[in-house]
Each structure stands twice: as C-alpha cells, then as structure tokens.
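Computed from a prediction, not measured in an experiment: that's the story for all the values here. Residue numbers run from 1 in the order of the sequence given.
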Amino acid sequence: MIIIRLLACLLACLLALAHIKEDKPHIQITKYLKVSRTSVNKWVSVFLEEGLAGLQEKPRGGRPAFLTPKQREQLY
C-alpha cells in the first residue's frame, strides 16, 4: 500500500507539471488534482531545480516507527 501511495503522489506531480506546461492556471490544477496550491508550487520548484529525481520520496526525520512493516501492512 505504501508503494501505491508513493506512485499516486508521483503521478499527481507529473500531471501537475504536464498541466503547467500547457499553461493552465495553478488554481485549475489544484482543483483537478485535489491538492493544495502549495503542493503544486513546491513540485514545480523542486522539478525545476532537481529534475525528476527531486520528486522522489526523501527520507524523513522524526521518531522511528514502532509498528513492524507487517503490522503496517495489516492496517492497510
């Protein structure tokens, strides 16, 4: 399930970039993809600075998970 969510996020990023390339307004893109304007702006900035590699999920800091991968899989 985690992989599906990551792929869905990457697909949303790519769709947003495709719409921007077609000069569609950001507000229209946010309504179509049901994401925030901040997300669209961030995706565009990261893509322009780092390319497709920048859109990949990055490690996050914070408290380590206390559920095992198997337990997390059972939740989804």
Where do His19 and Tyr32 come nearest, in terms of heavy atoms and distance? NE2-CE2, 3.4 Å

Using the side chain to side chain donor-acceptor pair (under 3.5 Å) rule, collect all pairs that involve residues 39-54, keeping only residues at least two apart or in two chains.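 Qualifying pairs, neighbours excluded: His26-Asn41, Ser36-Ser39.
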
Can you tell me how far apart CG (Leu75) and NZ (Lys70) are? Round to the nearest 0.5 Å.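 The distance works out to 13.0 Å.
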
How would you list all residue pairs meeting salt bridge (Lys or Arg N to Asp or Glu O under 4.0 Å) that involve residues 20-39, not counting sequence neighbours?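 Qualifying pairs, neighbours excluded: Glu22-Lys24.
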
Among Leu17, Thr30, Ile27, exactly one meets side chain to side chain contact (heavy atoms under 4.5 Å, CB included) together with Val40. Which residue is that? Thr30

